[in-house]
Amino acid sequence: MSPPVAPPGWSRWLVPPAALSVHLSIGQAYAWSVFKPPLESALGLSGTQSALPFQLGIVMLGLSAAFGGTLVERNGPRWAMTVALCCFSSGFLLSALGAATEQYWLIVLGYGFVGGIGLGIGYISPVSTLIKWFPDRPGMATGIAIMGFGGGALIASPWSARMLESFGATPSGIALAFLVHGLSYAVFMLLGVLLVRVPATGPAARGGVGSAAAAAGARSGPTGPQVSAKQAVRTPQFWCLWIVLCMNVTAGIGILEKAAPMITDFFADTSTTVSAPAAAGFVALLSAANMAGRIGWSSTSDLIGRKNIYRLYLGVGALMYAVIALFGDSSKPLFVLSALVILSFYGGGFATIPAYLKDLFGTYQVGAIHGRLLTAWSTAGVLGPLIVNWIADRQEEAGRTGASLYGLSFVIMIGLLVVGFVANELVRPVHARHHIPVPRKEHADADVVERQQPESA
């Protein structure tokens with residue numbers, strides 16, 4: 001499938017909604033916890049078993065993004081969005097079959113493996129296209145799209161809960177809910193498939209495609225140093241950013257994955273305990289902060305620079321963890337505010353990383369490079385919950401309660417953020433030996449321009 005080229009007069013502001021239609025759909029992954037209790041009661045699963053589809057989905061997200069990134073660059077955003085649509089929707093349909101027949105392995109295969117491939121391909125599908133359309137504001141552009149992944153749960157969570165309430169928390173009711181999800185998301189994602197376009201290049205770009213900034217970028221083609229995905233993974237800059245992303249995500253997902261029981265535990269030994277509805281409201285607030293951080297902080301990075309914004313994410317993030325560890329159980333507003341800041345940095349880190357990659361490696365294969373970097377997310381998706389849950393379980397076995405369940409976890413998170421901060425400080429411009437050769441045509445064009453210049457007196 002060849003990438004659809006925008007006709008003259010096409011507005012670049014139609015591309016972010018196309019990306020959002022995909023990201024809002026696959027962002028349902030953050031609402032998986034809604035299905036956990038019904039699955040546990042209907043199929044007799046443990047909490048660990050019911051979490052397996054989500055965990056496998058996040059692992060497959062990183063792996064499919066890494067291995068599929070080059071294909072996305074080669075075939076374009078429409079191909080990638082189509083693959084994401086087919087895999088993500090098929091994952092729900094397989095899960096529906098698994099629930100209806102009470103075969104849990106089909107749910108793991110469908111939602112976790114097949115759906116996870118859709119997550120990864122869908123996540124990176126619009127990134128390089130948005131950067132090419134918005135060379136003047138890459139952080140804002142990618143933030144708009146990736147904001148949808150963080151905000152998808154705000155739509156999916158109440159929708160899924162209402163659906164399960166109507167259909168019933170039985171195998172057949174869960175199967176029907178999965179079926180409706182699969183068909184609905186297929187239609188919604190199809191809007192993005194039909195709407196997405198890539199900017200024209202060369203003479204076609206002179207027809208006024210998009211805005212002046214997009215047209216200028218299209219006419220001139222890639223500017224500045226350009227690095228292939230194959231060369232990028234051989235640079236220290238790539239691995240420094242891998243550590244930065246992994247540490248930032250580990251710190252954020254450590255709170256996100258256990259948010260409701262965490263706030264309940266923190267104030268369990270105080271006079272102001274937290275009810276179940278209040279804990280659910282806290283989870284919704286974290287999702288909102290995650291979403292807002294993706295557009296707010298990534299847009300800010302266009303003004304103050306990528307390295308500076310990651311100094312904020314990692315440095316202030318470590319400070320917020322220290323505040324929660326030391327004073328969190330003494331004040332609910334302080335606990336909530338600090339957690340909201342951490343989750344806004346978590347979302348902002350995801351949205352800013354494509355622009356950081358573009359600054360270092362250029363736009364040549366930024367989608368493929370981004371895909372490879374997302375293996376850091378797969379690692380963090382296992383590491384963050386493992387640290388928090390394993391330590392909390394050990395502390396509970398030792399007879400501890402309340403905030404003391406999480407003290408050691410938070411100290412570890414602070415240490416990881418410091419490691420990420422140091423890795424960010426080590427990022428330098430990519431050495432010229434990693435740049436792709438300048439095409440001969442560009443040399444020839446430069447010679448022609450030089451010959452056309454009037455001789456100086």
Applying ring pair (Phe, Tyr, Trp, His ring centres under 6.0 Å), can you list everything that pairs with [X], at least two apart in sequence or on another chain?
X      : value
Phe282 : Phe335
Tyr346 : Phe350
His181 : Phe35, Phe92, Trp159, Tyr185

- Applying side chain to side chain donor-acceptor pair (under 3.5 Å), which residue pairs with at least one partner in residues 111-126 are found, sequence neighbours left out?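 Of all non-adjacent pairs touching residues 111-126, those that pass side chain to side chain donor-acceptor pair (under 3.5 Å) are Gln28-Tyr111.
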- Item | Residue list, salt bridge (charged side-chain N to carboxylate O under 4.0 Å, His left out) with Arg428, at least two apart or on another chain |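 Arg428: no salt bridge (charged side-chain N to carboxylate O under 4.0 Å, His left out) contacts found.
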- Query: With sequence neighbours excluded, what pairs up with Glu396 under the salt bridge (charged side-chain N to carboxylate O under 4.0 Å, His left out) test?
  - Reply: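 By the salt bridge (charged side-chain N to carboxylate O under 4.0 Å, His left out) rule, Glu396 matches no residue at all.
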- Stepwise, does the side chain to side chain donor-acceptor pair (under 3.5 Å) test hold for Trp297 with Ser344? CA-CA 8 Å; Trp297 293 124; Ser344 75; 3.0 Å; yes
- Check ion pair Arg12-Asp136 (N to O, under 4.0 angstrom):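 A salt bridge links Arg12 with Asp136.
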- Electrostatic pair Glu425:Arg311 at N-O distance under 4.0 angstrom: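 Judged by the 4.0 Å cut-off on N to carboxylate O distance, Glu425 and Arg311 do form a salt bridge.
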- All pairs passing salt bridge (charged side-chain N to carboxylate O under 4.0 Å, His left out) where residues 110-127 contributes a residue, at least two apart: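 Sorted result for residues 110-127: empty, none.
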- Residue pairs involving residues 369-387 (criterion salt bridge (charged side-chain N to carboxylate O under 4.0 Å, His left out); sequence neighbours excluded):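 Qualifying pairs, neighbours excluded: none.
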Listed by chain and number, what are the side chain to side chain donor-acceptor pair (under 3.5 Å) partners of [X], not counting sequence neighbours?
X      : result
Thr235 : none
Gln231 : Arg234, His434
Ser301 : Arg306
Tyr321 : none

- Query: What is the ring orientation for Tyr313 with Phe345, classed by angle as parallel under 30°, tilted 30 to 60°, or perpendicular over 60°?
  - Reply: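 Because their plane-to-plane angle lies in the 30° to 60° range, the rings of Tyr313 and Phe345 count as tilted.
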- Is there a donor-acceptor pair under 3.5 Å between the side chain of Ser89 and the backbone N or O of Gly182?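 The answer is yes, because a donor-acceptor pair under 3.5 Å joins these two groups.
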